[in-house]
Amino acid sequence: MNATVWDTIVVGGGPAGSTAAALLAKAGKKVLVVERDKFPRFHIGESLLPFGNDVLNELGIWSKLEQAGFMAKLGAEFTLGNGAGLQRLFFRDSLEARYAQTFQVERAKFDHLLLDHAEEQGARVVFSAKVTHVQVTALGVEIEYDYAGEKHQAKARWIVDASGRTSVVGNALKLPKTDLNMPKRLAVFSHFKNVFRNSGEAFGHITIVRLENAWCWFIPLDAQKTSVGLVQTLEAFKAQKTSPQETFENAIRRHADLRYRLKNAERLEEFRTEGDYTFRHLQAAGPRWLLAGDSAGFIDPIFSSGVMVALRSSQLAAHAILKADAAGRALSGGEQRAYTRGVKKMTSTFLAMIRMFYDRNSFEVFMSRDPIFDTPRAVLNLVAGNTRLSWSLQWRVWLFYSMCWFQRYRKIAPGLSFEEATPRTEAKAS
C-alpha cells in the first residue's frame with residue numbers, strides 16, 4: 001500500500017478544515033482533506049459572529065455568502081421566559097462598518113459552500129473517509145484512512161486536526177485536556193416554520209430566551225424557517241425522566257414567551273439532540289501538528305462562538321504553517337505556545353461571558369440598560385466576538401465584570417424575576 005504525499009493533511013471538512021485547506025491551497029500548497037461524512041450534511045451552530053468576517057473576506061467568499069441568500073444578521077437580543085425585560089443589540093451601534101452585519105446560516109449549505117471553495121483553491125477532498133491511524137514524527141505525519149472499502153495511506157509535512165470534538169489527532173497523541181469546570185449540557189432542537197419574527201431591522205436577530213435553569217435559541221434561517229433549541233444541564237434532563245421531545249414541549253408550555261413565539265409554529269423535521277461537553281486541550285500545537293476549531297476545544301454555544309473560533313483558529317494555523325514551511329522547518333516551541341495561547345484567548349473570552357450568562361446576578365447587570373461608563377459598548381464587542389480588545393474597551397470589560405461581582409452583595413442593577421407574567425404582545429416583542 002503506497003502512501004500519497006502532500007504538503008498538509010487536514011482531518012475534517014467543516015468550517016475549520018475548509019478554512020485551513022483553502023488558505024493553504026491558495027498559497028500553492030498541496031492539501032488533502034479527509035472528511036468522515038458526505039456533504040451536504042446537517043450540523044448545528046447556525047449563527048455567525050461579526051468578528052469572523054475578516055476570515056471570510058480573506059477566503060474571498062463574502063460575495064458567495066450574499067449570493068447564497070443567507071439571512072442577514074444585524075444583531076442579537078436576550079429576554080426572559082416570562083417576557084420580562086429585553087436587551088436588543090445592533091452591531092452597528094458600537095462596531096466598525098465591516099462588523100455591522102454577518103449571517104444566519106443553514107450549516108449544511110454553508111459548510112458545503114466553504115468546502116467547495118477549498119476545492120476551487122486546489123485542495124483535494126475525500127468524502128466518507130474515516131481516519132484509522134495517525135503517526136506523527138519530527139519530519140511530518142502519516143495517516144491511514146478507510147475509503148470506498150479500501151485502506152489508504154497519506155504522508156505530509158503537516159497535519160491540521162479539524163475533526164471536531166472527536167479530535168482525531170488529539171486522541172491519537174493522548175493530549176491532556178480539561179473540562180473547564182463546566183457542567184455537561186444537552187440541546188434538543190429542530191427547524192420550524194411560522195415562528196414569531198421581529199419586525200424591521202431586527203428581523204434577522206438571533207433571540208436568546210433565558211429560563212431559570214435553561215435557555216432557548218431562535219435563529220431565523222430564511223423567510224420561513226427558524227432553528228429553535230432548548231439547552232439545559234444533562235443532570236436536569238435526566239431528572240425529568242422524559243424524552244427529548246417531551247422535555248422541549250414541556251418547556252414551551254411552561255413559559256409565556258416561548259408559547260407566544262411558537263403558537264403558530266409547525267415543525268419541519270424530527271427533533272435532534274446534541275451533547276454539549278465543554279473541554280479544552282492544554283496544548284493545541286506541536287512541531288508538525290495543530291488543532292483547530294472544536295478539536296482544540298469546545299465551549300457552551302450560548303454566544304454562537306463555534307464557527308468564529310473555527311474560522312480564526314484555522315486562519316492562525318494556516319499562517320503558522322506557511323511561515324514555518326517557507327523556512328523549511330517545524331514549528332518552534334515559541335510558535336507552538338503562541339498558537340495555543342491564541343486559541344485559548346478566544347475560548348477564555350467567551351467562557352467569561354458564558355459564566356456571566358448562567359449567573360443570575362451577573363445576568364441582571366447584562367440586561368440592565370444603564371450605560372455606566374459606556375460598558376454596553378464593551379459588552380457588544382464581546383457578543384460580536386471581539387477577543388482582541390483595545391485598552392479603551394478592555395478596561396470597560398473589567399468594569400462590567402466588577403459590576404457583576406458587586407451585584408451579588410448590593411443591587412446596582414434591577415433584579416430579574418422568572419415568575420410567569422402576561423404573554424408578550426407583538427408590540428412588546430418587536
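FYI, side chains are in, hydrogens and waters are out, and symmetry mates aren't considered; it's all heavy atoms of this structure. In what follows, residues are counted from 1 in the order of the sequence shown.
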Practice item. Assess whether atom NZ of K411 is packed by more than 12 heavy atoms of other residues, nucleotides or ligands within 6.0 Å. Key: yes
Note to self: Is there a side-chain contact between W215 and Q232 in this structure, where contact means two heavy atoms from C-beta onward sitting under 4.5 Å apart?
What the structure shows: no
Residues at least two apart in sequence or cross-chain that pass salt bridge (Lys or Arg N to Asp or Glu O under 4.0 Å) with R388, listed by chain then number, are none
Would you call R261-D257 a salt bridge at under 4.0 Å N-O? yes
I want to check something: taking the side chain as every heavy atom from C-beta on, are T347 and L180 in contact at a cut-off of under 4.5 Å? no
Assess whether a salt bridge exists between D93 and R377, defined as any Lys/Arg side-chain N lying under 4.0 Å from an Asp/Glu carboxylate O.
no
**Report entry** 4.5 Å side-chain heavy-atom contact, V379 and R396
**Finding:** no
message: Are F279 and H281, when compared by the centres of their aromatic rings, separated by less than 6.0 Å?
response: yes
Query raised in the report: Would you say the ring centroid of F110 lies under 6.0 angstrom from that of H43?
Result: no
Is any side-chain N of the basic residue among K64 and E120 closer than 4.0 Å to the acidic one's carboxylate O? yes
In terms of heavy-atom contacts, L24 and V31 come closest through CB-CG2, 3.7 Å
By salt bridge (Lys or Arg N to Asp or Glu O under 4.0 Å), K225 pairs with (sequence neighbours left out) E106
For F363, the ring pair (Phe, Tyr, Trp, His ring centres under 6.0 Å) test, sequence neighbours excluded, returns F357, F366
- Query: Are F271 and F189 close enough that their ring centres sit under 6.0 Å apart?
  - Reply: no
F400 and W405: ring pair (Phe, Tyr, Trp, His ring centres under 6.0 Å), yes or no, with the steps? CA-CA 9 Å; F400 168 71; W405 176 85; over 10 Å; no
Given the options R165, K184, R185, E274 meets salt bridge (Lys or Arg N to Asp or Glu O under 4.0 Å) only with R165
* Between F39 and F127, what is the ring plane arrangement, given parallel below 30°, perpendicular above 60°, and tilted in between? -> tilted
